[in-house]
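Only a predicted model underlies this, so the values are computations on that prediction, with no experimental measurement involved. Whatever order the structure lists ligands and atoms in, that order sets their numbers, starting from 1.
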Amino acid sequence: MKNKLFYIPLFLTFHLALSQDSTLLKSQVAKSITELRDFVAIPNDALNGDAIADNLIWLKKNFNARGFNTTELETENHPLFFAALPMEDTKPTILFYMHFDGQSVDSSKWNQENPYQTVLKKPVDGGYETMDFEALNDDIDYNWRLFGRSTSDDKGPIIMFLNAIDLLQKEEIKLPFNVKVILDGEEEKSSKPLPKAVKQYRELLEADFLLIADGPIHSSEKPTVVYGCRGITTLSITTHGPAKPQHSGHYGNYAPNPGFQLAQLLATMKDKEGRVLIKGYYDGISLGEPVQNILRSVPDDAVSIAEKLQFKTAEKVGAFYQESLQYPSLNIRGLGSGWIGKKARTIVPESATAELDLRLVPESDGTRLKKLVKDHIVKQGFTVLEDIPSKEERLRYDNIITLTEGSVTDAFRTNLDNEYGTFLVNTLQKAFNDDVVQIRIMGGTVPIAPFINELKIPAFVVPMVNPDNNQHSPNENLKIGQLAYGIKAFYQILKTEK
Ligand SMILES: [Zn+2]
């Protein structure tokens, strides 16, 4: 693409500060858009091994072009991509994590023909209008967006990183860090080989801290640093009535009803304001003054959350949104018995099931919490089995529960006063002249938590993309302004001495 912005006398670039609107940054953004289109055009569905291989070829070429040494790390599944700039012993090392695979696409749900062919759109009242890429030759509007699979999650950040390296090399800046990069090709299907890879390639991955560039910035659109993510585990509990559904006329009032059994049990688990009543569930969590101050500094707006989700009063596990995320949750994620709606039948159902998920924090080991819930169920007078009860068991016990447990993905959390966290916050604050939102722990779970816990180094998520990017959904997009943001964020982090 011809871009008049490229013809800037070089000497100027050495003295210009990298402001968001600088021609230097804008011309790099223009280049990065071309490169992103090229990268997005390679399908990256993690379920397709050939696609992942094509992406690895692209990565090798484009990291090598910037002077990185690259290699593929064999794992029990797809290889991981590893790149590093030449190392110097005296410098601290940053390990960057991003992923190049994407969620599967259903083209019929996208407002464009091919989700792997990036489309440029500008916002017009209430929607978007498709633009020709030529329109970028005159000027780059930071409000315009690039639509395509993985523009945001997570090829966009890889492109931002590479283009930040370009800027640094153009300016011949000597980096105060050693730089290592690990790129995951199966994040969207749980990154299963990662923790093992750490054991196998520990020396290669050694670093002073890990920077994860994935996920969106805070909804206030301010620079964001995230110190941790909650973990997760699940439980499925089923109560049992008669072995087969029975006529509610003949047996209502007589055959035990599994729906009521389950409802009564669930009601003992929480108070009316959403707090878990199971003893020990919140043990070990204390939020001192400094932590409280950071939690309160996050510019969440309780009113707009309530408006968006449409409810009157929030639960009371925490006094406000961020505080509520510091505790493990106990959530009914699904509930079922008999038939409902037009299909409702006049029966006493044979069973009722509640699917529970438990979001974990570092203080609340998932195995311990599952045991607490199980012990609580026993205390309520239930006989807990692992399978559907036999006839014998049905005749022997009242109140039978079948309980099955899901696996545990741990939480991770780096201390708020970690020196590298402070470095990142200060660097972003200076770069963007804006407050940095510090999230002590994100509500969601990332599959790379076991990898982080295995690496045993401080880890931070530094998100780069817009909060409304439709991640994992049709019409995923990246705001061009966020592309500029990410290039600048990587650039400043890499050139700033700690
Ligand atoms: Zn992602």
Have a look at the Zn ion (ligand 1) and estimate, to 10 degrees, the angle subtended by NE2 (H99) and OD2 (D214).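 About 90° at the Zn ion (ligand 1).
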
Contact check: E187 to the Zn ion (ligand 1), N/O/S below 2.8 Å: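 No, outside the cut-off.
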
Any N/O/S atom of D154 sitting less than 2.8 Å from the Zn ion (ligand 1), backbone or side chain?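 For D154, the answer is no, given that no N, O or S atom comes within less than 2.8 Å of the Zn ion (ligand 1).
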
Check the side chains of E221 and N466 for a donor-acceptor pair under 3.5 angstrom, ignoring hydrogens and angles.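 No pair is found: no donor N or O on one side chain lies under 3.5 Å from an acceptor on the other.
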
Does a side-chain heavy-atom distance below 4.5 Å link L455 with F412?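 Not in contact.
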
Shortest-distance N/O/S atom, D153 versus the Zn ion (ligand 1):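 In D153, the N, O or S atom with the shortest distance to the Zn ion (ligand 1) is OD1.
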
Using salt bridge (charged side-chain N to carboxylate O under 4.0 Å, His left out), reason through E454 and R202 one step at a time and then give a plain yes or no. CA-CA 9 Å; E454 188 64 49; R202 184 174 293 283; 3.0 Å; yes

Between R230, R440, R413, Q292, which is the residue that forms a side chain to side chain donor-acceptor pair (under 3.5 Å) with Q326?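 It is R440, the one option of R230, R440, R413, Q292 that forms the side chain to side chain donor-acceptor pair (under 3.5 Å) with Q326.
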
